[in-house]
Amino acid sequence: NAGVMQNPRHLVRRRGQEARLRCSPMKGHSHVYWYRQLPEEGLKFMVYLQKENIIDESGMPKERFSAEFPKEGPSILRIQQVVRGDSAAYFCASSPSRNQPQHFGDGTRLSIL
Amino acid sequence: QQQVKQSPQSLIVQKGGISIINCAYENTAFDYFPWYQQFPGKGPALLIAIRPDVSEKKEGRFTISFNKSAKQFSLHIMDSQPGDSATYFCAASLDGQNFVFGPGTRLSVLP
């Protein structure tokens, strides 16, 4: 049973480009969470999605960031017009329901040149 | 109100010793308190978790102690091993949402 799969593992973008991060939850999991982690810091919640719905996006920056979890396919975290401050590790987690433990992927490390 | 404080920032323990990491929260509505272990280049892995209706939970060498009145909880790692060297994060959530993580503790277990 495969775990949470994130790709790419590493992503390099120039300022102003778009970054797309993908997350395939564990089989049977319909709840997806995105977090951002800066070096030497804890994880900061960004957004919580259930199939086709955004449940909580209180941690998402108001501009340039968006997330989706379509009926078919992976969840996508999209960052438009990236800036240096977007450099971080982005982790996705999934769970079978809201009150169940979250299982994390190994993250996407985004570097902005 | 949403913050989770964690200490120490780093911890060095001899092999066989006890590692203790402490966390404190502010929001009394939090109802789920997990601990995660993270190795470099990897995602956090759930280690053990507790809900506020119990004061202690033990799984193997790992124990969570929970003090609801003090709004504190701690992770104890008994018989610490070099393989336990990692970063540990406590977290708190309300109704499975709004997970708030502590800043992490970097544990080094010396052989």
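Numbered from 1 within each chain, the chains take letters A, B, ... in sequence-line order.
For the pair Asp106(A) (side chain) and Lys42(B) (backbone), a donor-acceptor distance under 3.5 Å is absent.
Contact of Gln6(A) with chain B is not made at all, since no heavy-atom distance falls under 4.5 Å. Only the side chain of Ser58(A) comes within contact range of chain B, judged by heavy atoms closer than 4.5 Å. For Pro44(B), the parts lying under 4.5 angstrom from a heavy atom of chain A are both the backbone and the side chain.
Side-chain contact check for Gln100(A) versus Tyr32(B): every heavy-atom pair is 4.5 Å or farther apart.
Around atom CZ of Arg106(B), no more than 12 heavy atoms belonging to other residues, nucleotides or ligands sit under 6.0 Å away. The environment of CD in Gln81(A) is sparse: at most 12 heavy-atom neighbours from other residues, nucleotides or ligands sit within 6.0 Å. Remark: Lys51(A) NZ is packed, more than 12 non-hydrogen atoms of other residues, nucleotides or ligands lying under 6.0 Å away.
The structure places CZ of Phe91(A) at 4.5 Å from CD of Gln38(B), a figure rounded to the nearest 0.5 Å.
Taking the centre of each ring, Tyr48(A) and Phe99(B) stay at or above the 6.0 Å mark. Residues Phe101(B) and Phe45(A) keep their aromatic ring centres 6.0 Å or farther apart.
Scanning both residues, Gln102(A) and Leu46(B), for their nearest heavy atoms gives O-CB, 4.5 Å.
Tyr25(B) and Leu47(B) end up in the same hydrophobic cluster when Ile, Leu, Val, Met, Phe, Trp and Tyr side chains are linked at under 4.5 Å. Placement of Phe73(B) and Val54(B) within a single hydrophobic cluster is found when ILVMFWY residues are connected by side-chain heavy-atom separations under 4.5 Å, directly or transitively. Phe104(A) and Trp34(A) sit in two unconnected hydrophobic clusters of ILVMFWY residues. Membership requires side-chain heavy atoms under 4.5 Å apart, directly or through other members. Hydrophobic clustering of Ile, Leu, Val, Met, Phe, Trp and Tyr side chains at less than 4.5 Å, counting indirect connections, keeps Ile20(B) apart from Val13(B). Under the 4.5 Å side-chain contact rule for hydrophobic residues, Leu43(A) and Ile21(B) do not share a cluster.
Ranked by heavy-atom pairs shorter than 4.5 Å toward chain B, the options His103(A), Arg9(A), Gln37(A), Lys44(A) are led by Gln37(A). Residue with the most contacts toward chain A among Pro34(B), Gly41(B), Ala91(B), Ser93(B): Gly41(B) (heavy-atom pairs, distance under 4.5 Å).
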